[in-house]
Protein chains: 2
Amino acid sequence: MSAARNPEAGPPGEAGRPRPSRAERRRQTEERILASARREFAERGYERTTIRGVAGAAGVDPALVMQYFGSKDQLFRQAVHVPAGEELPAEPAEFAELLLSILGVKLSGQAATMPLLRSAFTHPEATEAVRASLAAQIAQGARAIPADDPELRSALLVAVLLGVTTGRHLLELDHLRDASPEQITDLLRPAFQALIRGSSEPDA
Amino acid sequence: MSAARNPEAGPPGEAGRPRPSRAERRRQTEERILASARREFAERGYERTTIRGVAGAAGVDPALVMQYFGSKDQLFRQAVHVPAGEELPAEPAEFAELLLSILGVKLSGQAATMPLLRSAFTHPEATEAVRASLAAQIAQGARAIPADDPELRSALLVAVLLGVTTGRHLLELDHLRDASPEQITDLLRPAFQALIRGSSEPDA
DNA sequence: GTCTATACGCTGATAGAC
DNA sequence: GTCTATCAGCGTATAGAC
């Protein structure tokens, strides 16, 4: 600690380089490891990914991963940590559209939640994280549902999102995988509306 | 092999016992092991269940499990093997009810498919088994859907079943766990109908 | 036939050389 | 700071004693 200079403050002797030295390089390799870990956790799940595996994929030494993150569990936590995106509840009328747009982004890109979701059923900590996140979404959504049993309706809506995303990305069911996000959201729209308000056909 | 008598043919010296001997006892312990394996696979998933664990829970020696089933993977296959229940497609009008009744049984009892489902996202073989089973259900359901995009609609319906069952049994989301199967199926009915035919409100 | 003892590989994790 | 060498534990699977 005593003789170490602040790596951010002092510029190196070379003038031309955009100073990729010291702590900057460390942050880069750390990010490389995290990216590699996310890939491995996403496609193999917690128990099947190994420290050696992510180190190899990142091109670094296994011991370095331990040095940086301490343990496999802490690596997992940092890899799957999502900034807890807070979404605002909309009015009941547009609530379906909000949900559909959320589903849209989950369907298009390889969602950042996939590493977590893959391990959600086998790794206890991942289970708890996913459950807590979904519970928050459910509670939030329930406030935008005017019909009876708002919590259960909200839970069912979240379960639908869960089933569709897992079916597409994790199980890769053919038709779900091939369809465009728009196709899916279009087909789901009436179902969502039916779930949000009480009936599909207003009075039979 | 030479001196061994056929255990099925020759009755033992005792006359009063209902002959629980030989192969009958073997079948019983084998079934105990399978039951124990199903429990472990169901609540821990493939990678976290150990031969020693199922043997301990079944009250037998770990080596016996290997003797009977050969390997962990073969034990898993036998434990999760479901007789491939063939359901008949109904008319489009009653198709929603059929799906809802299927969901009802999946929601009430601890479904026999849970050991498989828990490992579906981490164990490749389980993934393939679940995917094949769901694909069959999707193809079957598509034939009962008169609207456009029948396969995608069917896939979405299956995905909903998947999401609701996993949300209830695997993630144990509060409101899904507490609700009765009837509550859930009642709330889902309009959504299913909307998904089967094209629109929720016939012409807007 | 059933269990004891053990082999072997691979895991996460640690200590110490460079 | 980075990597080599190694530890201890647990996993499946096997060989042999009873």
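Since the model is a prediction, treat every value here as computed from it, not as a measurement. Proteins get letters first, then strands, A, B, ... in listed order; numbering begins at 1 in each.
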Looking only at the side chain of [X] (C-beta and beyond, no hydrogens), which of the listed nucleotides [options] gets closest?
| X | options | answer |
| --- | --- | --- |
| Met66(B) | dC3(C), dA13(D), dA13(C) | dA13(D) |
| Ser71(B) | dT2(D), dA13(D), dT2(C) | dA13(D) |
| Asp61(A) | dT2(D), dC3(D), dA13(D) | dC3(D) |

#### Entry: Tyr68(A) side chain near dG1(D) phosphate (N/O to OP1/OP2, under 4.0 Å)
no
### Query
Would you find a donor on one side and an acceptor on the other, under 3.5 Å apart, between the side chain of Arg118(B) and the backbone of Ala42(B)?
yes
### Task
Nearest whole angstrom, please: distance from the C1' of dG1(D) to the CZ of Phe69(A).
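Atom-to-atom, Phe69(A) to dG1(D), this comes out as 16 Å.
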Can you tabulate the close N/O pairs, meaning under 3.5 Å, that link protein atoms to atoms of nucleotides 15-18 of chain D?
none

#### Entry: Contact list for residues 135-163 of chain B, test ring-ring contact (aromatic ring centres under 6.0 Å, His included), sequence neighbours left out
none
### Query
Using the ring of each side chain (for Trp, its six-membered ring), is Tyr46(B) parallel, tilted or perpendicular to His123(B), with breaks at 30° and 60°?
parallel
### Message
What residues from residues 35-54 of chain A pass a heavy-atom cutoff of under 4.0 Å to DNA chain C?
### Response
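Listed by number, they are Thr49(A), Thr50(A), Ile51(A), Arg52(A).
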Taking every non-hydrogen atom, the tightest pair across [X] and [Y]:
| X | Y | answer |
| --- | --- | --- |
| Val80(A) | Leu116(A) | CB-CG, 3.7 Å |
| Lys72(B) | Glu47(B) | NZ-O, 3.8 Å |
| Ala58(A) | Ile33(A) | CB-CA, 4.1 Å |

### Query
Could you go step by step and tell me if Leu187(A) and Gln183(A) meet the side-chain contact (heavy atoms from CB on, under 4.5 Å) rule?
CA-CA 6 Å; Leu187(A) 257 50; Gln183(A) 273 182 288; 5.8 Å; no
